[in-house]
Amino acid sequence: MDHEARINNLPDKVLRHILTFLPTKEVIASSVLSKRWIDLWRSVPAFNFYDINVDNQETSFRMNELAYSFLLSANSIQSCKLDIWYNDPDVGYLGFSNVIKWINAVVERGVECIKLCIDISNDYSLKLPISILTCRTLVVLDFFGFALKDFSSISLPSLKTLRMDEIIFLNVQDFLLLLAGCPNLEYLRACYLGFFSQELPTYQVRESLTLHKLIKADLHNTFCHFPLKALLNAKHLILEINEVCRGYDEIPTFHNLTNLKLSSIKCNWNLLFQVLKQCPSLQNVELCQETITEIQHDPGNWVDPIFVPQCLSSQLKTCILWYFSDQKCEYLLATYILKNARVLKTMTIHCREDLQIDGGLYLCPKASPMCEVIIKRQPTLSSIIKRTTELRAA
């Protein structure tokens with residue numbers, strides 16, 4: 001039996017599922033395969049235009065024709081993925097007006113997943129279609145490079161996953177109001193956000209934000225006054241430690257937190273250990289370069305903290321130190337963890353391949369007899385160029 005016969009023997013339900021992974025253009029084109037496929041595309045619950053470069057008005061017009069042909073035939077759409085790059089701004093702004101109509105149409109058809117990236121010559125001021133923010137069926141929302149403004153109400157009662165990258169808000173309060181409209185959120189990624197105003201949100205908005213069902217949040221490179229109490233039930237967090245206390249007096253206790261990454265940050269020793277103290281169940285921690293190299297301005301004045309955080313003494317299993325640069329303060333932190341982490345299994349240190357780390361870490365007394373120190377060396381740019389040159393010469 002040939003491949004065509006095998007495919008045709010599959011049930012319609014299976015064929016429709018396969019077609020949901022294809023661009024809408026190819027889904028419509030499948031109608032020419034055989035009589036069996038003539039109308040099958042009309043019931044595919046996915047609307048996909050991705051990895052598309054639009055150079056001129058003709059290309060935009062053809063794409064628009066395809067989109068409306070599909071939308072006029074579809075009664076139900078579960079997934080919408082749009083990744084479109086307009087190389088001509090004039091064509092792009094006209095094309096985006098049609099994109100808004102497409103999105104309004106999929107919202108009306110009960111869409112559950114929207115992934116949206118529209119690029120018009122690197123213009124990040126495109127306004128997100130407001131219909132998305134009141135879509136009661138939406139479960140996953142993933143968007144990149146939009147401005148979120150001029151909205152009066154947000155209601156996303158079914159939303160569980162929200163990913164935002166390079167999004168511009170008028171102010172921090174609007175960002176918090178968006179989250180407040182997602183009461184069932186489980187995963188949040190909000191990275192590289194921009195704000196026209198850094199004015200503190202009102203006390204009422206800040207204190208009322210609760211994300212009880214949130215399990216995982218990634219807030220790196222999001223410099224704003226974020227109420228950490230909203231993240232209390234999370235198990236996985238990525239944070240900027242210099243933002244942890246910004247504008248707030250206390251760090252809440254994260255009883256459920258097991259995985260924490262403190263990323264690209266500058267702070268003092270006290271703040272780092274204050275964070276660890278508030279994470280009693282922490283099992284895995286990652287500290288990036290600036291966390292360590294800027295933590296201690298005078299390594300000679302280092303004194304081991306009197307209080308060893310509970311997570312460090314009885315819970316921590318893995319520790320990763322990124323971009324280790326051979327400064328004394330880094331050794332002090334690494335050895336302190338090794339001497340106090342009684343159930344630690346691995347400490348992994350990422351450093352440049354030309355860095356000669358002495359044997360101090362290997363010989364350092366370890367509270368955990370099972371702990372292994374692993375050094376992972378990363379190639380430098382100069383070494384890559386050298387190797388490339390040698391390979392070409394050979």
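Predicted, not measured: the structure shown is a model, and the values here were computed from it.
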Applying side-chain contact (heavy atoms from CB on, under 4.5 Å), run through Tyr86 and Tyr93 and close with a yes or a no. CA-CA 9 Å; Tyr86 291 95; Tyr93 293 123; over 6 Å; no
Using distance alone, with no hydrogens and no angle criterion, decide if Asn48 and Lys81 have a side-chain donor and acceptor under 3.5 Å apart. no
Go through the steps for Asp119 and Ile84 under the test side-chain contact (heavy atoms from CB on, under 4.5 Å), then give the verdict. CA-CA 6 Å; Asp119 187 280; Ile84 305 171; over 6 Å; no
Rest of the hydrophobic cluster containing Val139 (Ile/Leu/Val/Met/Phe/Trp/Tyr, side-chain heavy atoms under 4.5 Å)? Val140
Taking the side chain as every heavy atom from C-beta outward, state whether Asn171 and Glu199 have any pair of such atoms under 4.5 Å apart. no
Would you say Thr222's side chain and Ala190's backbone share a donor-acceptor pair under 3.5 angstrom? yes
Nearest heavy-atom pair of Lys366 and Val373: which atoms, and what distance? CE-CG2, 3.8 Å
Please work out which of the three classes, parallel, tilted or perpendicular, describes the rings of Phe175 and Phe195, given edges at 30° and 60°. tilted
So does Asp142 pair up with Arg163, basic N to acidic O under 4.0 Å? yes
Please give me the minimum heavy-atom distance between Cys113 and Val111, naming the atom from each residue. O-CG2, 3.4 Å
My understanding is that only one of Leu177, Leu133, Ile168 makes a side chain to side chain contact (heavy atoms under 4.5 Å, CB included) with Leu148; could you say which? Leu133
Roughly how far, to the nearest 0.5 Å, is the CG atom of Leu262 from the CG atom of Leu272? 6.5 Å
Anything under 30° is parallel, anything over 60° is perpendicular, the rest tilted; go ahead and classify His220 against Tyr192. perpendicular
Do the charged groups of Arg189 and Asp165 touch, with an N to O distance under 4.0 Å? yes
According to a 4.5 Å side-chain heavy-atom criterion applied to Ile, Leu, Val, Met, Phe, Trp and Tyr, with indirect links allowed, do Leu209 and Leu231 form part of one hydrophobic cluster? yes
Can a donor-acceptor pair be found between the side chains of Trp85 and Asp51 at a distance below 3.5 Å? no
For Val54 and Val91, run side-chain contact (heavy atoms from CB on, under 4.5 Å): C-alpha distance rounded to whole Å, both residues' side-chain angles, the deciding distance at 0.1 Å, then the answer. CA-CA 8 Å; Val54 179; Val91 173; 4.0 Å; yes
State, yes or no, whether a side-chain contact exists between His350 and Thr348 at a heavy-atom distance under 4.5 Å. yes
Run the side chain to side chain donor-acceptor pair (under 3.5 Å) test on Gln278 and Thr253 for me, step by step, so that the C-alpha distance in whole Å, both residues' side-chain angles and the decisive distance to 0.1 Å come before the verdict. CA-CA 4 Å; Gln278 299 303 103; Thr253 302; 2.9 Å; yes
Between Ser313 and Asn340, is there a side-chain donor-acceptor contact under 3.5 Å, judged purely by atom types and distance? no
Is it possible for you to say whether Trp102 and Leu94 belong to one hydrophobic cluster, with membership spreading through side-chain heavy-atom contacts below 4.5 Å? no
For the residue pair Ser314 and Val343, what are the closest heavy atoms and their distance? O-CG2, 3.6 Å
Smallest separation among heavy atoms of Leu200 and Arg206, with atom names: CD2-NH1, 4.4 Å
Do Asp55 and Asp88 make a side-chain contact, defined as non-hydrogen atoms from C-beta onward lying under 4.5 Å apart? no
Hey, what do you get for CG (Leu282) to CD (Gln310), rounding to the nearest 0.5 Å? 11.0 Å
Under 3.5 Å, is there a donor-acceptor pair between the Gln283 and Thr258 side chains? no
State plainly whether one hydrophobic cluster holds both Ile167 and Leu116, where clusters connect Ile, Leu, Val, Met, Phe, Trp and Tyr through side-chain heavy atoms under 4.5 angstrom apart. yes
How about Gln57: does its CD atom have over 12 heavy atoms from other parts shown lying under 6.0 Å from it? yes
Between Asn284 and Thr318, is there a side-chain donor-acceptor contact under 3.5 Å, judged purely by atom types and distance? yes
Inter-residue atom distance Ser158.OG - Arg136.CZ, 0.5 Å rounding: 7.5 Å
May I ask you to check whether over 12 heavy atoms, not counting those of Arg342, lie within 6.0 Å of atom CZ? no
Pairwise distance NZ(Lys160) to CG(Leu141) - rounded to 0.5 angstrom: 15.5 Å
If I compare all heavy atoms of Ala230 with all of Phe226, which pair ends up nearest, and what's the gap? CB-CE2, 4.4 Å
Take atom OH in Tyr50; do more than 12 heavy atoms of anything else shown fall under 6.0 Å from it? yes
Is there a donor-acceptor pair under 3.5 Å between the side chain of Ser281 and the backbone N or O of His255? yes
Cluster link Leu276 to Leu232, ILVMFWY, side chain under 4.5 Å: yes
Would you please indicate if the ring centroids of Tyr187 and His236 are separated by under 6.0 Å? no
Quick check for you: to the nearest 0.5 Å, what is the distance between Met164 atom CE and Asp218 atom CG? 11.0 Å
Heavy-atom distance under 4.5 Å between the side chains of Ile349 and Lys376, does that happen here? no
For the residue pair Leu257 and Lys235, establish whether any side-chain heavy-atom pair is separated by less than 4.5 Å. no
Return yes if some donor-acceptor pair links the side-chain N/O of Arg109 with the main-chain N/O of Pro45 below 3.5 Å, else return no. no
Whether over 12 other heavy atoms sit under 6.0 Å from Phe307 CZ: yes
Keeping the roles fixed (side chain from Ser60, backbone from Asn56), state whether a donor-acceptor pair exists under 3.5 Å. no
Apply salt bridge (charged side-chain N to carboxylate O under 4.0 Å, His left out) to Glu58 and list each qualifying residue two or more places apart in sequence or on a separate chain. Arg62
Side chain proximity check, Ile320 to Leu287, heavy atoms < 4.5 angstrom: no
Can you check whether Leu71 reaches Val106 side chain to side chain, under 4.5 Å on heavy atoms? yes
Examine Ile118 and Tyr68 and state if one hydrophobic cluster contains both, with Ile, Leu, Val, Met, Phe, Trp and Tyr joined whenever side-chain heavy atoms are less than 4.5 Å apart. yes
Do Phe49 and Asp83 come close enough that some side-chain heavy atom pair is under 4.5 Å? no
Minimum heavy-atom separation for Ile114 and Leu138, please, with both atom names. CG1-CD1, 3.7 Å
Go through it in stages, so that I can follow the logic: the residues are Tyr336 and Phe273, the test is ring pair (Phe, Tyr, Trp, His ring centres under 6.0 Å), and I'd like the CA-CA distance, side-chain angles, deciding distance and then a yes or no. CA-CA 11 Å; Tyr336 176 80; Phe273 285 101; 5.1 Å; yes
side-chain contact (heavy atoms from CB on, under 4.5 Å) between Thr24 and Leu66: does it pass, once the steps are laid out? CA-CA 8 Å; Thr24 295; Leu66 281 171; 5.7 Å; no
Checking the side chain of Ser208 only, and the main-chain atoms of Gln204 only, is there a donor and an acceptor separated by less than 3.5 Å? yes
Rounded to the nearest 0.5 Å, how far apart are CG of Leu193 and CG of Asn221? 9.5 Å
Count the heavy atoms of every other residue, nucleotide or ligand shown that sit under 6.0 Å from CZ of Phe151, and state whether that count exceeds 12. yes
